[in-house]
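Notes to accompany the following structure.
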Amino acid sequence: MSFPLLTATAALPAIGAVATAAVPAARRTTAKWVALAFSLGTLVLAGIALARFTPDGARYQLTESHAWIADFGVRYELGVDGIGLALMALTALLIPFVILAGWHDADPLETSSSRWRPTQGFFALILMVEAMVILSFEATDVFLFYILFEAMLIPMYFLIGGFGDRAHTGTDENASAQRSYAAVKFLLYNLVGGLIMLAAVIGLHVVTGTFSLSEIADARADGSLTMATGTERWLFLGFFFAFAVKAPLWPLHTWLPNAMGEATTPVAVLITAVVDKVGTFAMLRFCLQLFPEASKWATPVILVLALISIVYGALLAVGQRDIKRLIAYASISHFGFIILGIFAMTSQGQSGATLYMVNHGISTAALMLVAGFLITRRGSRLIADYGGVQKVAPVLAGTFLIGGLATLSLPGLAPFVSEFLVLVGAFSAYPAVGIIATTGIVLAAIYVLVLYQRTMTGPVKAEVQGMADLKVRELTVVVPLIALLIFLGVYPKPLTEIVNPAVQHTMSDVQKKDPQPEVEAAK
């Protein structure tokens with residue numbers, strides 16, 4: 001039997017979580033290095049998976065299949081297509097930077113035992129989230145995916161509720177209450193979505209007799225599986241609702257600003273750059289593949305919701321006073337673009353949506369982590385408390401600017417390619433939708449440039465006067481992300497070659513072809 005590479009890629013961070021948690025309490029630095037070492041090992045395995053993947057080969061590669069709960073037809077089945085592989089690699093890439101950025105976020109605030117923050121637990125939970133997210137991108141058994149989809153909520157709940165942001169303006173009691181509220185809201189929203197999905201998963205098994213994606217696809221292909229129109233639509237809605245909560249799509253988005261605002265900066269990156277991608281990925285893998293007719297039936301409504309997310313999220317970002325909440329609302333707008341690309345049902349739109357998932361993860365991580373370094377120095381998340389930072393910390397200001405320009409999809413940076421493809425794909429199928437979606441670009445320029453102008457330019461405020469510039473550890477986090485944004489912005493071919501064949505399979509699932517351009521005959 002060949003080496004189970006996909007299992008190993010998910011198992012290594014899980015083993016690392018146990019090893020990190022087992023480090024003696026007094027050896028916090030050792031725990032950090034153990035967590036970092038396991039995250040780097042996971043990145044190496046993800047790189048090997050990339051090297052072994054053949055874009056023009058079988059749809060699902062590096063597959064594994066083992067009996068698990070035989071009485072219920074549940075199997076441990078793994079496999080990756082280009083989309084799952086790209087997101088698995090993104091997750092493995094970002095976690096080492098998340099760990100480095102949060103190097104001191106779980107250290108004791110003071111010597112008093114009442115203020116102890118368990119460092120080992122913090123990093124162990126991050127690795128556990130990584131393991132579950134990676135495995136969810138690999139799972140080709142619907143029930144296995146559901147278990148992972150729900151189980152990742154547990155470590156995320158403790159990361160949000162137990163390790164909140166230190167930069168708050170109220171009392172410790174108020175901060176604790178806000179943190180608990182954000183964690184409970186995150187958990188309840190996602191649990192409700194998950195319970196509805198569970199009913200749909202059970203219904204799918206009743207209709208098909210299996211949880212295996214490959215078996216369902218084969219049954220559709222040979223004509224032995226047909227679903228009643230009403231049944232397919234109800235099952236689709238059950239899956240889509242859960243994924244829309246995770247994504248997050250308006251109006252199911254309200255948990256995100258609270259969670260990102262109250263969590264530590266690395267955990268905020270974990271939420272929006274890693275965990276939320278499971279929702280949009282699952283729309284491609286499960287909604288479109290399992291319920292193609294229902295997906296086309298629901299497309300008009302979903303496109304409207306995506307447009308609302310784009311404009312609403314951007315408008316609220318413009319009006320924010322809190323740096324982290326501004327980035328949270330910007331992410332809601334960006335997820336609207338991703339969902340728009342998926343349900344435009346064009347190859348350009350779906351390729352753009354997949355690239356957007358990857359590029360948004362990198363750009364949001366870069367911007368949010370630099371913002372976190374800024375907030376740590378000043379001790380405040382409020383935009384009004386800053387001014388003139390570029391004069392005292394030019395490297396910090398410069399990296400903040402590049403992260404912001406990537407967020408507004410400046411040409412030459414990676415998000416531009418993905419946003420352009422989404423808009424082209426949407427416009428070719430639904431011109432009015434594409435035109436309205438472009439307003440998100442204008443609004444993004446406003447909230448990013450206004451944020452930079454108010455924090456980095458102008459007179460140097462007294463509280464900012466002695467602010468230190470980025471240190472070696474912080475540069476180690478930011479510089480590779482910026483370099484990757486530039487590289488993929490100039491040369492996205494390595495990513496598109498992996499993604500495009502998987503997109504063509506998805507287009508085949510829903511039996512859609514790209515609209516042909518209307519060209520006037522030569523006179």
Side-chain angles (χ1 to χ4, degrees), residues 1-11 13-14 49 53 58-88 91 128-154 190 193-222 224-225 227 232 235-236 238-243 246 275 277-292 295 502 505-506 509:
M1 183 174 61
S2 61
F3 178 72
L5 182 58
L6 296 186
T7 294
T9 308
F53 186 81
R59 180 171 189 174
Y60 294 110
Q61 300 180 34
L62 308 176
T63 56
E64 302 173 34
S65 181
H66 307 282
W68 185 19
I69 310 175
D71 291 342
F72 296 97
V74 180
R75 296 185 63 82
Y76 176 79
E77 286 191 348
L78 306 181
V80 288
D81 59 3
I83 299 170
L85 182 65
L87 293 173
M88 182 184 78
T91 302
M128 190 56 67
V129 171
E130 179 183 21
M132 293 179 181
V133 170
I134 287 177
L135 202 55
S136 70
F137 292 140
E138 300 170 347
T140 56
D141 182 278
V142 178
F143 192 80
L144 173 62
F145 174 83
Y146 168 76
I147 291 175
L148 298 165
F149 187 84
E150 290 289 86
M152 68 180 69
L153 301 179
I154 299 171
N190 284 276
L195 289 173
I196 293 174
M197 180 183 169
L198 176 60
V201 169
I202 295 171
L204 178 69
H205 187 266
V206 170
V207 172
T208 65
T210 181
F211 293 112
S212 171
L213 276 178
S214 59
E215 290 181 8
I216 294 173
D218 291 342
R220 280 190 180 279
D222 63 23
S224 61
L225 171 63
M227 289 189 196
E232 181 173 342
L235 293 177
F236 167 85
F239 277 81
F240 181 79
F241 182 85
F243 303 153
K246 183 86 75 180
V275 173
K277 299 300 187 299
V278 176
T280 47
F281 162 79
M283 291 178 188
L284 279 166
R285 171 164 284 188
F286 296 102
C287 287
L288 270 60
Q289 187 173 344
L290 293 174
F291 316 110
S295 297
H505 283 296
T506 304
D509 289 335

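Reckoned from all heavy atoms, side chains included, excluding hydrogens, waters and symmetry mates.
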Separation between [atom1] of [X] and [atom2] of [Y], rounded to the nearest 0.5 Å:
X	Y	atom1	atom2	value
Glu138	Leu6	CD	CG	4.5 Å
Glu130	Thr9	CD	OG1	9.5 Å
Thr91	Met132	OG1	CE	14.0 Å
Lys277	Lys246	NZ	NZ	13.0 Å
Phe236	Met283	CZ	CE	8.5 Å
Thr7	Leu78	OG1	CG	4.5 Å

Close side-chain approach of [X] to [Y], heavy-atom, < 4.5 Å:
X	Y	answer
Thr208	Leu290	no
Pro292	Glu232	yes
Val201	Phe286	no
Arg59	Thr506	yes
Leu284	Thr280	no
Val278	Phe243	no

Over all heavy atoms of both residues, which pair between [X] and [Y] is shortest? Give the atoms and the distance, please.
X	Y	result
Gly238	Ala200	CA-CB, 3.9 Å
Phe137	Gly84	CB-O, 3.9 Å
Ile83	Phe281	CG2-CD1, 3.9 Å
Gly194	Ala242	N-CB, 4.3 Å
Asp81	Phe53	C-CZ, 3.8 Å

- Item | For Ser214, all residues meeting side chain to side chain donor-acceptor pair (under 3.5 Å), sequence neighbours excluded | Ser212
- Sequence neighbours left out, what passes side chain to side chain donor-acceptor pair (under 3.5 Å) with Thr210? Give chain and number order. Glu215
- Message: Using the ring-ring contact (aromatic ring centres under 6.0 Å, His included) criterion, which residues pair with His205? Sequence neighbours excluded.
- Response: Phe211
Show me the donor-acceptor pairs, under 3.5 Å and distance only, between side chains in residues 141-153 and residues at least two apart or in other chains.
| unit_1 | atom_1 | unit_2 | atom_2 | d |
| --- | --- | --- | --- | --- |
| Asp141 | OD1 | Phe143 | N | 3.0 |
| Asp141 | OD1 | Leu144 | N | 3.0 |
| Asp141 | OD2 | Arg75 | N | 3.3 |

- Is a donor on one side and an acceptor on the other found under 3.5 Å between the side chain of Ser295 and the backbone of Cys287? yes
- Thr140 backbone acceptor or donor facing Arg285 side chain under 3.5 Å: no
- Message: Tell me every residue that passes side chain to side chain contact (heavy atoms under 4.5 Å, CB included) with Ala49, counting only those two or more places apart in sequence or in another chain.
- Response: Leu5, Leu62, Leu85, Met88
- Only counting residues at least two apart or in another chain, list the ones meeting side chain to side chain contact (heavy atoms under 4.5 Å, CB included) with Ile196. Val192, Phe241
